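Beneath this line is the structure, given in structure tokens, with notes to follow.
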2 protein chains.
Amino acid sequence: MHYLCTMKIENVIKQSSFSSSYHKVVVNLIFTGNWIRDEQMKVFKQFDLLPQHYNVLRIIKGHMPHPIAPKDIKEVLIDKAGDLTRLLDKLEKKGLVKRNLCPSNRRQMDISMTDKGLKILEQLQGPLQIFTDMIQNNLSKDQAENLSDLLDQLRG
Amino acid sequence: MHYLCTMKIENVIKQSSFSSSYHKVVVNLIFTGNWIRDEQMKVFKQFDLLPQHYNVLRIIKGHMPHPIAPKDIKEVLIDKAGDLTRLLDKLEKKGLVKRNLCPSNRRQMDISMTDKGLKILEQLQGPLQIFTDMIQNNLSKDQAENLSDLLDQLRG
DNA sequence: ATAATTTATTTGTTGCAACAAATATTGTTG
DNA sequence: CAACAATATTTGTTGCAACAAATAAATTAT
């Protein structure tokens, strides 16, 4: 079964006919969320990165040319980063970011991009674009807007 | 910021105006998927279970009164279970399932529910229903159908 | 100025997840 | 039936995630 993602959710989840449209939406959302996550993973994995690593790199880049402190990264980060320290450890070890003691506040660290980090972000642009393109092929602009609105409404 | 989930995605993700409706959908799907996952986690956590544990328990129950082998659980499981063994270890240690050697094929295990396992599934029904109800409050039946269709279409 | 409080980051610990390799049983073929 | 391949599960290893606790520096109050 290689093409699960292209099937209606009723056919993916074999046995059960859903008790309600609401139940179906829940299962479908979880399924689709996992699918997107897995698709993204494939891209990131080629660079030995995780989605969170990418998010953090984007945030650091977004602050350039100024360095940024971990506490400020945390504020912006979608998925809350419990141990940003060890995540930054890994990025530093891979040479993608630099850590310096902040001169004006010695309990704070200054995180900044390296050239290598910038280069990896560039290299990722293409593969990630392909992913958005794929969705663009399957939904019209109105449908995409509609979907986004329904998701907003569903949450609350 | 306690009410992220009730905000339009543009406001959740502070800085960026999205480059396209498609990009917005991607971010919104990931955000909504994580949100659902987190909400479910809260319920499961009260019983010291993970979502996967619940899925597996449901599958085993769905096969009653017959026992089921791990390989057959894997076939039905949505999220692929790399190490079902250790997941079943945990369920067994908590007394929710039993493991027996399959008499007709000694490299296979027979997994079956215990009374305690059945009881936990019953106890979970209420809390999980509340969750579906919440979505029902926010979307009409047509909207739920529409959302499910859009998700199916998006995947391909 | 000193003590208490808050802030920023790090460290420790535990459990889970992903991947490959190992073991044991069954099925197949010459 | 002996050798080889396939199947079903387990084990080993490594890295990440979640949570609490610890450290260290700055801020505030006494």
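Just so we're on the same page: letters track the sequence lines, and every chain starts at 1. What you see is a predicted model; the values in this text were computed from it and never measured.
- Distance B:Gln52 CD to C:dC16 P: 11 Å, rounded to the nearest Å.
- Under the 3.5 Å distance criterion, with hydrogens and angles disregarded, a donor-acceptor pair is assigned to the side chains of A:Gln129 and A:Asp133.
- One atom, CD of B:Glu75, and another, P of D:dA8, lie 9 Å apart when rounded to the nearest Å.
- Taking atom CG of residue A:Leu88 and atom P of nucleotide C:dT11, one finds them 12 Å apart after rounding to whole Å.
- Rounding to whole angstrom units, CG of residue A:Leu87 and P of C:dT10 are separated by 12 Å.
- For the pair B:Lys90 and C:dC16, the criterion of a side-chain N or O lying under 4.0 Å from OP1 or OP2 is met.
- Regarding B:Asp110, its CG atom lies at a distance of 15 Å from the C1' atom of C:dT25, rounded to whole Å.
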* Does the side-chain contact (heavy atoms from CB on, under 4.5 Å) test come out yes or no for A:Leu151 and B:Val25, once each step is laid out? -> CA-CA 9 Å; A:Leu151 291 174; B:Val25 160; 5.6 Å; no
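- Heavy-atom minimum distance, A:Met109 versus A:Pro70: O-CD, 3.5 Å.
- Side-chain N/O atoms of B:Arg86 and base N/O atoms of D:dG12 include a donor-acceptor pair closer than 3.5 Å.
- For the residue pair A:Asn34 and A:Arg37, a side-chain donor N or O sits within less than 3.5 Å of a side-chain acceptor on the partner.
- Between B:Lys8 and A:Asp149, at least one side-chain N (NZ, or NE/NH1/NH2) sits under 4.0 Å from a carboxylate O, which counts as a salt bridge.
- Using a distance-only test at 3.5 Å, with no hydrogens or angles considered, a donor-acceptor pair links the side chain of A:His53 to the main chain of A:Leu50.
- Counting all heavy atoms, side chain and backbone alike, A:Phe47 lies closest to A:Lys94 at O-NZ, 3.5 Å.
- For B:Lys45 and D:dC19, the shortest distance from a side-chain N or O to OP1 or OP2 is below 4.0 Å.
- Rounded to an integer number of Å, the gap from CZ of A:Arg37 to P of C:dA17 is 11 Å.
- If you measure from atom CD of A:Glu92 to atom P of C:dT9, you get 14 Å, rounded to the nearest angstrom.
- Within 4.0 Å of A:Leu50, counting heavy atoms only, lie sugar-phosphate atoms of the nucleic acid but no base atom.
- Considering only the side chain of B:Asp83, C:dA18 comes nearest among D:dC16, C:dA18, C:dA8.
- Rounded to an integer number of Å, the gap from A:Lys74 NZ to D:dA17 C1' is 14 Å.
- A heavy-atom distance below 4.0 Å to DNA chain C is reached by these residues of residues 96-108 of chain B, ordered by number: B:Asn105, B:Arg106, B:Arg107.
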